[in-house]
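Encoded as structure tokens, the structure appears first; notes follow it.
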Number of protein chains: 2
Amino acid sequence: MPASPRRPVRGSTTGRPIMAVLDLLGRRWSLRVLWELRDGPLTFRVLQAACDDVSPSVLQQRLKDLRQAGLVDHDGDGYALTAAARALMPTLLALNDWAEDWSKTRA
Amino acid sequence: MPASPRRPVRGSTTGRPIMAVLDLLGRRWSLRVLWELRDGPLTFRVLQAACDDVSPSVLQQRLKDLRQAGLVDHDGDGYALTAAARALMPTLLALNDWAEDWSKTRA
DNA sequence: CAGTATGCTACGGATTCAGTAGCAACATAA
DNA sequence: TTATGTTGCTACTGAATCCGTAGCATACTG
């Protein structure tokens with residue numbers, strides 16, 4: 001078996017949903033996948049290319065995680081954000097704006 | 001050498017700052033550390049306990065990353081968010097609100 | 001049939017993480 | 001002084017995850 005999504009061994013993500021979200025999005029390529037899907041569905045390979053040609057095994061695992069979380073769906077057009085994920089987009093756009101400001105303060 | 005922050009091998013994070021941010025925050029415990037520091041400075045061990053007793057080596061590496069990114073500082077009171085990181089707090093709070101809604105749609 | 005695109009899997013090697021133990025510096029107090 | 005505690009941090013081994021490449025089965029198109 002390649003890799004199953006890590007389940008916190010210790011305190012787990014008890015209680016606050018934010019913990020589960022921070023755990024899910026705190027995995028490599030999670031946020032990036034959501035970001036790349038912001039403008040519409042993408043096929044597996046196109047999404048892979050958009051994510052700097054991430055390994056297909058990792059992308060597969062990440063898509064599995066995001067689908068189980070109800071954030072990504074797979075229809076005829078490829079992989080797409082669910083309504084729940086689209087509700088997250090304003091936040092990601094705010095993150096984008098912040099990133100712009102943040103980069104200006106960097107050398 | 002324990003571990004240096006991963007530099008994307010392929011396309012790197014050229015161009016858009018959002019890519020660099022997505023890469024930095026898409027590491028285990030990055031978002032969680034920022035979240036736990038939202039209410040003020042914490043010492044290393046208290047922060048470690050807040051993060052489900054994450055391994056000190058990983059926390060050390062993550063703090064190093066965040067300090068190099070100018071998001072975390074270390075003064076006499078322990079580790080604290082910088083002004084840049086505090087500017088990110090509204091976005092994290094929005095993420096928290098979204099997480100609440102998202103969890104309600106889960107079984 | 002040949003060519004192409006799709007989603008997906010397998011494998012080995014590299015990197016990162018987890019878990020535990022321990023150190024040096026500093027403070028406090030007996 | 002000795003004892004005790006807290007701080008930040010490091011070392012080490014084994015497990016988990018990721019990377020990079022190759023390849024498969026299916027479907028569609030010419």
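Remember, predicted model here, so these are calculated numbers, not experimental data. Residue numbers begin at 1 in each chain, while the letters A, B, ... track the order of the sequences.
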- Task: Respond yes when some side-chain nitrogen or oxygen of Trp29(B) is under 4.0 Å from OP1 or OP2 of dC17(C), and no when none is.
- Result: no
- Item | Minimum-distance nucleotide to Ser57(B) side chain [options: dT17(D), dG7(C), dA18(C)] | dA18(C)
- Restricting to pairs with a member in residues 71-87 of chain A, which pass salt bridge (Lys or Arg N to Asp or Glu O under 4.0 Å), not counting sequence neighbours? none
- Does any non-hydrogen side-chain atom of Arg27(A) lie less than 4.5 Å from one of Leu31(A)? no
- Item | Nearest heavy atoms of Gln48(B) and Pro56(B), plus distance in Å | NE2-CD, 3.5 Å
- Query: What's the CG-P distance between Asp52(A) and dC19(D), to the nearest Å?
  - Reply: 10 Å
- Looking at dT17(D), dA21(C), dC8(C), which one has an atom nearest to any side-chain atom of Arg28(B)? dT17(D)
- If you measure from OG on Ser30(B) to CG on Leu34(B), what distance do you get to the nearest 0.5 Å? 7.0 Å
- Message: Short of 4.0 Å, heavy atom to strand atom, which residues of residues 36-48 of chain A count as contacting DNA chain C?
- Response: Thr43(A), Phe44(A), Arg45(A)
- When rounded to whole Å, the CG to P distance for the pair Asp75(A) and dT6(C) reads 14 Å
- Task: Say whether, by atom type as modelled, one donor and one acceptor occur between the side chain of Thr91(A) and the main chain of Thr91(B) under 3.5 angstrom.
- Result: no
- Message: Please confirm whether the shortest side-chain N or O distance from Arg27(A) to OP1 or OP2 of dC18(D) is below 4.0 Å.
- Response: no
- Item | Per Val58(B) side chain, nearest of listed nucleotides dC17(C), dT10(D), dC8(C) | dC17(C)
- Message: Between the side chains of Glu36(B) and Arg32(B), is the shortest nitrogen-to-carboxylate-oxygen separation below 4.0 Å, so that they form an ion pair?
- Response: yes
- Nucleotide nearest Ser55(B) (side chain, heavy atoms from C-beta), chosen from dC19(D), dA18(C), dT9(C): dA18(C)
